[in-house]
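Single-structure report; data block below.
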Amino acid sequence: MTLRIYNTLTRKKEVFTPVEKGKVKMYVCGMTVYSDAHIGHARTYLAFDVVRRYFEYKGFDVFYVQNITDVDDKIIASANQRGEDPLEYSRRYTERCLEALDALGIRRADLYPKASETIPDMIKMIERIIEKGYGYVADGDVYFSVERFPEYGKLSNQRIEELEAGARIEPGEKKRNPLDFALWKKAKPGEPWWESPWGKGRPGWHIECSTMSSKYLGLPFDIHGGGMDLKFPHHENEIAQAEAATGKPFARYWMHVGLLTVNGEKMSKSLGNIINIKDLLERWDAEVIRFFFVQNHYRSPPDFSEKALQDAEKSLERIHRLKERLKKLSEREKNGSRGDEKGFLSSIEGFKEKFELAMDDDFNTPRALGVIFDFIGKTNKFLEETEEPASEVCRRALDTLVKLCNVLTLLQDESKQEVDLNEMLPLLEKYELETLEISSGMEALELLLKVREDARAKRDWKKADAIRDDLQRIGFEVEDTESGPRWRKKRVV
RNA sequence: GGGCAGGUAACAAAGUGGCUAUGUGGCGGACUGCAGAUCCGCAUACGUGGGUUCAAAUCCCACCCUGCCCUCCA
């Protein structure tokens with residue numbers, strides 16, 4: 001089975017063949033750590049988390065590098081504003097940002113190299129660029145000469161002349177061509193600096209990615225990714241620098257993630273609609289947010305809104321309900337039944353194949369989700385038709401469901417089905433139940449359910465419904481089934 | 001001006017030259033004391049105008065509209 005990836009470089013879907021058999025080396029442009037991580041970051045890093053998970057699912061050994069930009073104009077500006085040391089400031093935000101992504105349930109990359117810790121390597125690369133005639137020094141600054149690199153523009157499919165027409169020249173620029181970009185910037189007063197052959201200064205933004213990716217992955221490496229906004233000029237510049245310096249091809253597959261909008265508008269500082277992850281997690285479950293993203297293809301721009309999350313939450317419920325149902329069924333011991341277990345088991349394999357087909361087609365997560373929902377429908381039907389499904393069969397279905405969902409970052413956390421005693425106490429009182437012997441929330445809930453069952457047995461529907469409604473109000477959904485009441489905890493908004 | 005994506009039913013979102021995407025919501029049915037869940041069924045689609053074809057929402061052309069990039073941005 002072959003995996004095909006849409007390569008921005010060729011604007012086509014291409015069959016993925018790794019540089020080194022069985023391995024995937026991927027690099028994704030990381031965060032500039034000057035403020036809290038926002039949902040745009042979440043969108044991108046979640047997309048690549050799914051990419052890496054699917055590669056692992058297929059048996060590849062993945063090495064995933066994501067840089068941290070901790071030397072940058074905005075960081076310096078923010079730090080100076082607060083009278084803080086820029087490097088200390090960025091160190092603090094690095095942790096904050098990574099923790100926000102952790103909280104969202106995005107797995108960490110294997111390595112997070114920092115710009116500030118890779119300066120000597122960057123200097124070496126800049127020296128090589130100058131040696132080979134692609135860079136020039138101008139009063140303590142070093143620039144890359146775009147005209148010297150004939151392939152400039154190959155990623156974004158633009159010609160230098162066209163770009164020049166649209167470019168603007170700042171007064172007092174030391175550049176020879178407006179498209180030239182800084183490899184090294186001369187230090188200004190109050191800025192952090194490093195010694196270099198060109199005097200005190202700091203690296204330009206683009207050079208760090210060329211340096212870190214080639215340092216940790218070697219050239220060429222397999223996948224280079226990032227947000228759509230980085231395609232030009234950042235990624236274009238990365239290619240120019242790395243290929244100019246080494247003479248080797250850089251990254252083989254370029255993947256770009258569609259940028260999200262918020263209520264139909266671009267998310268930007270000027271609009272004041274930046275949603276940061278921590279704020280969002282106070283109101284929404286991490287998995288709901290992940291579901292929302294996975295529902296969209298990584299290349300298309302999702303539109304973020306509260307309604308979209310509400311919809312995502314409802315859809316997710318369907319998956320959780322089946323998971324819990326299967327879990328209970330597979331925990332009890334039943335071998336064999338009257339249902340068509342063989343037919344069901346073989347259909348499971350069919351769903352797996354369809355899932356893989358969808359993911360093999362440029363990580364088509366919405367289609368893969370469709371397959372999962374088909375599988376859910378099929379499984380529910382099987383369970384309806386089968387009186388006592390064998391626990392082994394249920395376990396197999398559960399394993400498949402979890403395995404496929406895990407690739408999409410779903411069902412990765414154990415659902416928190418604990419019961420808080422304090423929540424239950426008012427209800428125990430309301431129904432005048434003895435609280436002395438109750439020592440846990442679970443016992444309290446079970447007592448309430450038992451009382452409700454007694455009421456139902458006496459056809460006291462009023463009381464039974466009242467208990468159900470009260471439990472619903474504190475987030476417990478109660479359903480009556482043939483085998484007794486079934487409950488599950490829901491998020492209370 | 002140049003580059004890159006899109007316009008699919010109530011909403012979200014895939015896909016395909018002829019065969020149910022899917023989820024949420026709506027309607028009807030089964031089940032239930034009721035509800036819920038679940039199952040079964042139904043409805044509402046492919047921006048506009050041409051063209052190619054036995055057949056196009058899917059290919060081609062034109063047009064309209066939307067978003068993004070060309071300045072820092074995931």
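Just so it is clear, the values below take in all heavy atoms, side chains as well, and ignore hydrogens, waters and symmetry mates.
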NZ of A:Lys430: more than 12 outside heavy atoms within 6.0 angstrom? yes
Would you measure the distance from the P atom in B:rC63 across to the matching atom in B:rG3 and give it in whole Å? 15 Å
Relative to A:Phe221, does A:Lys25 satisfy both conditions: NZ or CZ under 6.0 angstrom from the six-membered ring centre, and within 45 degrees of the ring's axis? no
Under 4.0 Å between any heavy atoms, over every strand shown, what does A:Asp465 touch: base, sugar-phosphate, or nothing? Just pick one. base
Worked verdict on A:Tyr57 versus A:Asn406 for side-chain hydrogen bond (donor to acceptor under 3.5 Å, both in side chains): CA-CA 9 Å; A:Tyr57 171 94; A:Asn406 278 175; over 6 Å; no
Treating A:Asn380 as the side-chain partner and A:Gly377 as the backbone partner, does any N or O pair qualify as donor plus acceptor under 3.5 Å? no
Under 3.5 Å, which protein N or O atoms sit close to an N or O of nucleotides 22-24 of chain B? Give each pair with its distance.
unit_1, atom_1, unit_2, atom_2, d
B:rG23, O2', A:Ser315, OG, 2.4

Over how many whole Å does the gap from A:Arg11 atom CZ to B:rC4 atom C1' extend? 9 Å
OP1 or OP2 of B:rA21 versus the side-chain N and O atoms of A:Lys354: is any pair under 4.0 Å? no
Take atom NE2 of A:His38 and atom P of B:rC73, then tell me their distance rounded to the nearest Å. 12 Å
What distance, rounded to whole Å, do you find between the two P atoms, one in B:rC27 and one in B:rG36? 11 Å
Are any of the side-chain heavy atoms of A:Lys323 and A:Leu398 separated by less than 4.5 Å? yes
When we call it a touch if two heavy atoms are under 4.0 Å apart, what does A:Tyr45 touch: a base, just sugar-phosphate, or nothing? sugar-phosphate
Mind checking A:Gly225 for me? I need base, sugar-phosphate or nothing, with any heavy atom below 4.0 Å counting as a touch. nothing
Within less than 4.0 Å of OP1 or OP2 of B:rC72, is there a side-chain N or O belonging to A:Tyr34? no
Measuring from the side chain of A:Arg325 (C-beta onward, heavy atoms only), which nucleotide among B:rC34, B:rU38, B:rC4 has the closest atom? B:rU38
Looking at every strand, decide which applies to A:Tyr298 at a 4.0 Å heavy-atom threshold: base, sugar-phosphate, or nothing. nothing
Return the 5'-most residue of the pair A:Ser300, A:Glu384 with respect to RNA chain B, ranking by each residue's nearest nucleotide. A:Ser300
Using the P atom on both, measure B:rG50 against B:rA56 and round to a whole Å. 14 Å
Stem finding on RNA chain B, please: runs of three or more consecutive Watson-Crick or G-U wobble pairs, both distances under 3.5 Å, sorted by first number. B:1-7 with B:64-70, B:10-12 with B:22-24, B:26-30 with B:38-42, B:47-51 with B:59-63
Could you check how far CG of A:Leu357 sits from P of B:rA21, rounded to whole Å? 18 Å
A:Glu317 vs A:His320, side-chain hydrogen bond (donor to acceptor under 3.5 Å, both in side chains): CA-CA, chis, key distance, verdict: CA-CA 5 Å; A:Glu317 285 284 304; A:His320 279 255; over 6 Å; no
Determine: side-chain N/O of A:Asn380 to OP1/OP2 of B:rA37, distance under 4.0 Å, yes or no. no
Test side chain to side chain contact (heavy atoms under 4.5 Å, CB included) applied to A:Arg321 and A:Arg488, step by step: CA-CA 9 Å; A:Arg321 279 192 299 259; A:Arg488 60 188 301 270; 4.2 Å; yes
How would you label the contact of A:Thr365 with the nucleic acid (heavy atoms, under 4.0 Å): base, sugar-phosphate, or nothing? nothing
Counting distance alone, no hydrogens or angles: does the base of B:rG36 have a donor or acceptor under 3.5 Å from a partner atom on the side chain of A:Arg486? no
Can you tell me how far P in B:rA35 sits from the matching atom in B:rU58, rounded to whole Å? 45 Å
Looking at the side chain of A:Arg367, which of B:rC72, B:rC39, B:rG15 is the nearest nucleotide? B:rG15
With heavy atoms under 4.0 Å as the rule, sort A:Gly226 into base, sugar-phosphate or nothing. sugar-phosphate
Given B:rG2, B:rC4, B:rA21, identify the nucleotide with an atom nearest to the side chain of A:Gln158. B:rG2
Measuring from the side chain of A:Lys307 (C-beta onward, heavy atoms only), which nucleotide among B:rC70, B:rG36, B:rC11 has the closest atom? B:rC11
Please work out if A:Leu230 contacts a base, only the sugar-phosphate, or nothing of the nucleic acid, heavy-atom cut-off 4.0 Å. sugar-phosphate
Counting only side-chain N and O atoms of A:Trp205, is one of them less than 4.0 Å from OP1 or OP2 of B:rC73? yes
Separation of B:rA74 atom C1' from A:Asn296 atom CG, nearest Å, is 15 Å
Could you work out the separation of B:rC64 and B:rA10 based on their C1' atoms and round it to a whole Å? 25 Å
Rounded distance in Å - CG (A:Asp362) to C1' (B:rA13): 16 Å
Cation-pi check, A:Arg299 to A:Tyr6: give yes when NZ or CZ is under 6.0 Å from the six-membered ring centre and within 45° of the ring axis, no otherwise. yes
Rounded distance in Å - NZ (A:Lys381) to C1' (B:rC31): 16 Å
Answer with base, sugar-phosphate or nothing: what part of the nucleic acid does A:Thr261 contact at a heavy-atom distance below 4.0 Å? nothing
Would you say that more than 12 heavy atoms from the other residues, nucleotides or ligands in this model lie under 6.0 Å from the CZ of A:Arg107, or not? yes
Result of checking A:Tyr253, A:Trp254, A:Tyr64 against A:His224 for ring-ring contact (aromatic ring centres under 6.0 Å, His included): A:Trp254
Looking across every strand, which nucleic acid part, if any, lies under 4.0 Å from A:Val28 by heavy atom: base, sugar-phosphate, or nothing? nothing
Check the distance between B:rC70's P and A:Tyr152's OH and give it to me in whole angstrom. 12 Å
State whether a side-chain donor-acceptor pair under 3.5 Å links A:Tyr93 with A:Asp70. no
Does the base of B:rA35 carry an N or O that pairs as donor and acceptor with the side chain of A:Arg468 under 3.5 Å? yes
Using the P atoms only, state how far B:rA13 lies from B:rA55, rounded to an integer number of Å. 34 Å
Taking atom P of B:rA74 as reference, at what distance in whole Å does atom CD1 of A:Ile68 sit? 11 Å
Of A:Asn364 and A:Thr481, the one whose closest nucleotide on RNA chain B sits nearer the 5' end is A:Asn364
Is A:Ile372 touching bases, backbone alone, or none of the nucleic acid, heavy atoms closer than 4.0 Å? nothing
Considering only atom C1', compute the distance from B:rA74 to B:rG26 and round it to an integer number of Å. 38 Å
Distance only, no hydrogens: is a donor on one side chain within 3.5 Å (strictly under) of an acceptor on the other, for A:Glu208 and A:Thr69? yes
Please assess A:Asp360 against A:Tyr54 for the test side-chain hydrogen bond (donor to acceptor under 3.5 Å, both in side chains), listing each intermediate value before the final yes or no. CA-CA 9 Å; A:Asp360 277 342; A:Tyr54 187 58; 2.9 Å; yes
Which one, B:rC4, B:rA74, B:rC69, comes nearest to the side chain of A:Arg43? B:rA74
Can you tell me, in whole Å, how much space there is between the P of B:rG41 and that of B:rA14? 26 Å
Taking N and O atoms by type only, does the side chain of A:Asp72 place a donor or acceptor under 3.5 Å from a partner on the base of B:rC72? no
